[in-house]
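Only one structure is covered here, and it is reproduced in the block below.
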Amino acid sequence: MKAASYFFKTYKEVPREAQTPSHILMHRAGMIQKLSSGIYSYLPLALRSLKKIETIIREELDSRGCQEVLMPAVQPGELWEESGRWNYYGPELLRFKDRKNADYCLGPTHEEVITDMVRRNLTSYKQLPLNLYQIQTKFRDEIRPRFGLMRGREFIMKDAYSFDVNEDDAKKSYKIMYDAYNAVFKRCGLEFRAVDAATGAIGGDMSHEFQVLAETGEDEILSCGSCSYSANVEKAVSGKVVEKPLKSGSKDISEVHTPGMKTVEEVASFLSLDPSMLIKTLIYLVDDKPVAVLVRGNCEANESKIQAFLGANAVAPADEETVKRVTGAEVGFAGPRGLKEGIAILVDKQIYGDTGYACGANKTDYHLTGIDPENDIKADKNGDFTFALEGDPCPHCGGTLKKFRGIEVGQVFYLGTKYSSPMKCIFIDNEGKEQTAVMGCYGIGVSRTMAAAIEQNHDDMGIIWPAAIAPFEVIVIPIQGGNDLVENTAENIYSELKKSGVDVILDDRNLRAGVKFNDADLVGYPVQIICGSRLVEQGLVEIKVRKTGEKSEVKIEEAPEVIKEMLLAL
RNA sequence: CGGGCUGUAGCGCAGUUGGUAGCGCGCUUGGUUCGGGACCAAGAGGCCGCCGGUUCGAAUCCGGCCAGCCCGACCA
């Protein structure tokens with residue numbers, strides 16, 4: 001490819017809304033254009049990079065027995081009625097009607113369509129296992145699209161779905177995909193972690209997210225320094241052991257007047273207690289039913305864990321009215337004793353490590369002191385309902401957990417029969433009995449992976465592509481246009497490289513050297529070959545490695561070989 | 001959905017007490033330059049977000065709407 005006729009243009013300035021490195025740089029490098037909120041066009045440079053990511057994905061999946069399909073982006077509402085998600089899925093699902101007034105939606109994911117596709121073909125256990133995937137544009141009407149490709153409404157996703165005869169086999173399929181994803185992101189040249197992930201309303205215990213490590217990531221993960229344990233903070237477990245106190249606390253519960261003191265800090269300092277010696281009573285609506293969750297004053301309640309523990313669809317903090325109703329007091333004075341009948345009380349197990357707590361009295365302006373959780377709280381359940389913290393011991397090996405920020409670029413999920421059962425995706429097993437297929441689903445955000453690569457790999461000058469997913473591996477830059485020797489040398493090296501299969505672009509634009517250098521650094525080609533008259537006359541060209549900034553001079557005829565070797569290391 | 005902010009040339013912005021629009025980048029043409037975003041000269045490019053109101057006159061004042069961004073809430 002020659003730059004003079006290539007459809008791209010670089011910018012010094014960026015639109016006001018671009019905030020993050022990937023958004024700013026992809027715009028400045030002329031890779032993407034916003035068409036509407038959260039909706040972008042991919043220009044040739046971006047598409048080249050996307051295709052490289054897609055190729056890696058295809059190779060890794062195909063070699064593991066997956067088969068590619070392509071499903072419609074527009075899906076009939078009735079399929080979603082069948083799975084039960086038509087009403088359940090929020091406004092993220094873009095719904096619309098056709099001319100006959102029938103319901104349709106733009107696919108945010110394809111469980112329904114794939115399940116329908118498979119059930120129409122599936123009759124015998126002999127057809128399983130099956131793993132189908134597609135690479136396709138998805139649409140989710142995000143509340144707040146932002147950060148360019150990182151959280152768009154329209155995005156490119158690879159989604160795969162596995163079908164197995166039973167749970168054990170489904171778990172094998174899961175493992176295969178887990179391995180495939182590790183291979184994909186490794187080949188993309190990204191630094192990432194596979195982390196334990198919360199499963200949300202699906203329930204169950206099996207899900208991993210693939211997180212590209214980057215400061216701008218929206219997710220927080222905790223990763224052990226000594227073993228392979230990594231988990232999303234929503235899911236991460238602290239290895240801290242809670243030991244019960246030897247003697248039970250005093251039996252004297254007293255009521256203390258705490259006028260207007262609603263926060264943990266206010267109450268703790270008034271009572272001269274450490275915040276950890278307060279019991280925070282939080283009222284949640286779990287699938288619209290109020291539930292009280294008790295955590296220590298210095299801890300944060302973890303809604304994901306509550307949701308997982310209760311197997312609920314939705315967990316949200318209760319509104320003020322509900323709190324008043326179940327506690328009989330203003331917000332800020334909730335406590336475990338004297339709640340309205342029938343409210344389940346969940347106690348975070350860390351609370352059992354001490355005695356002599358203070359808590360709300362369920363009476364406006366009053367708190368209780370001298371609480372011994374063992375004896376004074378009628379817990380329905382206890383468990384882990386708080387966040388693990390950086391510095392906590394690892395639950396597996398006792399090492400120390402360290403916090404990272406990550407960008408979720410993939411997730412693997414064991415589904416069980418959540419879709420296959422209501423949608424009757426069944427087959428006849430080897431005993432002649434009807435069985436329901438056991439499913440898994442596996443996503444990779446392709447466009448987000450490209451953005452994440454930039455978030456992770458850039459500097460002040462621009463993008464620093466991992467060679468495997470760079471739009472071009474090499475740029476040849478002739479400077480001092482009009483000098484035939486320079487131009488011919490550049491042209492020769494370019495053709496030479498192209499002939500041997502290197503992805504190369506020739507910057508034959510009639511521009512000043514500085515502009516070409518800056519553009520090359522901005523777009524982030526891993527290797528630059530600079531042909532200037534002074535060196536060329538000595539039979540030399542300069543090679544610059546984008547990542548390190550390292551420059552070297554090599555003989556013109558050796559340049560192609562040197563480049564090829566360099567690329568292997570990038 | 002709550003709070004804040006912004007809509008003026010492709011992009012970034014200025015525009016005073018209301019008088020019919022400007023700067024930088026980019027673009028076109030010519031010339032001089034040419035190893036880290038050159039310089040000179042001459043150009044092209046605007047429904048000032050939309051609708052209505054006030055006024056002799058509105059980018060500017062008033063009302064409504066629309067769009068975008070930031071913070072929060074939300075996010076199988």
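Below, chains carry the letters A, B, ... as their sequence lines are ordered, and counting in each starts from 1. Just so it is clear, the model here is predicted, and its values are computed rather than measured. These numbers come from the heavy atoms of this one structure, side chains and all, not from hydrogens, waters or symmetry mates.
In this structure, A/Tyr181 and A/Phe185 have perpendicular ring planes: the angle between them is above 60°, well past the 30° mark. Between A/Phe96 and A/Tyr104, the angle of the ring planes stays under 30°, which puts this pair in the parallel group of the 30/60° scheme.
Side-chain contact, A/Thr489 with A/Asn492: no donor N or O sits under 3.5 Å from an acceptor N or O. Under the 3.5 Å distance criterion, with hydrogens and angles disregarded, no donor-acceptor pair is assigned to the side chains of A/Gln33 and A/Ser41.
One atom, CZ of A/Arg140, and another, P of B/C74, lie 18 Å apart when rounded to the nearest Å. Between the C1' atom of B/A38 and the NZ atom of A/Lys516 lies a distance of 15 Å, rounded to the nearest Å. When the P atom of B/G24 is taken as reference, atom CD of A/Glu13 falls 12 Å away, rounded to whole Å. Note: CD (A/Gln307) to P (B/A76) measures 7 Å, nearest angstrom. Between the P atom of B/C1 and the CG atom of A/Asp141 lies a distance of 12 Å, rounded to the nearest Å. One atom, CD of A/Glu218, and another, P of B/C75, lie 14 Å apart when rounded to the nearest Å. Rounded to a whole Å, the CZ atom of A/Arg146 is 20 Å from the P atom of B/C5. Between the NZ atom of A/Lys9 and the C1' atom of B/C27 there is a distance of 7 Å, given to the nearest Å.
A salt bridge is absent between A/Lys235 and A/Asp196; no separation between the charged side-chain nitrogens and carboxylate oxygens falls under 4.0 Å. Between A/Asp287 and A/Lys289 there is no salt bridge, since no side-chain nitrogen of the basic residue lies less than 4.0 Å from a carboxylate oxygen of the acidic one.
B/G31 and B/C70: their C1' atoms are spaced 47 Å apart (whole Å). Rounded to a whole angstrom, the distance from the P atom of B/C75 to that of B/U16 is 45 Å. Nucleotides B/G7 and B/C13, compared at atom C1', are 13 Å apart to the nearest Å. Separation of the C1' atoms belonging to B/G19 and B/G30 is 38 Å when rounded to the nearest angstrom. Distance check on atom P: B/C11 versus B/U17 gives 29 Å, rounded to whole Å. Between B/C48 and B/A41, the distance separating the two C1' atoms is 30 Å to the nearest Å. Nucleotides B/U6 and B/G63 have their P atoms positioned 15 Å apart, rounded to a whole Å. Spacing between B/G26 and B/A67 at atom C1', rounded to whole Å, works out to 25 Å.
Among B/A73, B/A76, B/C69, the nucleotide with an atom closest to any side-chain atom of A/Cys441 is B/A76. Out of B/C69, B/C74, B/A76, the shortest distance to the side chain of A/Tyr88 is found at B/A76. Among the nucleotides B/C74, B/G35, B/C69, the one closest to the side chain of A/Glu303 is B/C74. Checking B/G35, B/G68, B/A76 against the side-chain heavy atoms of A/Leu415 singles out B/A76 as nearest. Of all nucleotides listed (B/A73, B/C75, B/C69), B/C75 comes nearest to the side chain of A/Glu92. For A/Pro15, the listed nucleotide lying nearest its side chain is B/C11; candidates were B/C11, B/A76, B/G35.
Contacts of A/Arg534 with the nucleic acid, taken as non-hydrogen atoms under 4.0 Å apart, are absent. Within the 4.0 angstrom heavy-atom criterion, no nucleotide atom of any strand lies near A/Lys418. Within the 4.0 angstrom heavy-atom criterion, no nucleotide atom of any strand lies near A/Tyr89. Using a 4.0 Å heavy-atom criterion, one finds that A/Asp519 contacts the bases of the nucleic acid, with or without backbone contacts as well. Heavy atoms of A/Glu111 sit under 4.0 angstrom from at least one base atom. At the heavy-atom level, A/Glu542 lies under 4.0 Å from base atoms of the strands shown. When heavy atoms are screened at a 4.0 angstrom cut-off, A/Lys551 is found touching base atoms of the nucleic acid.
B/C11: Watson-Crick or G-U partner is B/G24, with both key distances under 3.5 Å. Pairing for B/G30 is with B/C40, a Watson-Crick or G-U wobble pair whose two hydrogen-bonding atom distances lie under 3.5 Å. In a base pair of the Watson-Crick type (N1 to N3 plus N6-O4 or O6-N4) or a G-U wobble (N1-O2 and O6-N3), with each distance short of 3.5 Å, B/A76 is matched with no nucleotide. Nucleotide B/G52 has B/C62 as its partner under the Watson-Crick or G-U criteria, with both atom distances under 3.5 Å. For B/C5, the paired base is B/G68 (Watson-Crick or G-U wobble, both distances below 3.5 Å). In a base pair of the Watson-Crick type (N1 to N3 plus N6-O4 or O6-N4) or a G-U wobble (N1-O2 and O6-N3), with each distance short of 3.5 Å, B/G35 is matched with no nucleotide.
Heavy-atom minimum distance, A/Ala198 versus A/Glu234: CB-OE1, 3.6 Å.
Judged by closest nucleotide on RNA chain B, A/Ala513 is the one of A/Tyr419 and A/Ala513 placed further toward the 5' end. Nearer the 5' end of RNA chain B, as judged by each residue's closest nucleotide, is the contact made by A/Leu522, out of A/Ala18 and A/Leu522.
The phosphate of B/C70 (OP1 or OP2) has no side-chain N or O of A/Arg16 nearer than 4.0 angstrom. In terms of phosphate contacts, A/Arg512 brings a side-chain nitrogen or oxygen within less than 4.0 Å of OP1 or OP2 of B/A38. Put simply, A/Lys12 has a side-chain N or O that comes within less than 4.0 Å of OP1 or OP2 on B/G26. Contact between the side-chain N/O atoms of A/Ser37 and the OP1/OP2 oxygens of B/C69 is found at a separation under 4.0 Å.
A ring-centre distance under 6.0 Å is found for A/Phe472 and A/Tyr6. Aromatic pair A/Phe385/A/Phe309: centroids less than 6.0 angstrom apart. Aromatic pair A/Tyr161/A/His110: ring centres not closer than 6.0 Å.
Using a 4.5 Å heavy-atom cutoff, the side chains of A/Val523 and A/Leu45 are in contact.
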Reading nucleotides 42-47 of chain B 5' to 3', which nucleotides get B (base under 4.0 Å from a protein heavy atom), which S (sugar-phosphate only), which -? ------
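Here A/Phe413 lies parallel enough and close enough to stack on the base of B/A76, with planes under 30° and ring centres under 5.5 Å apart.
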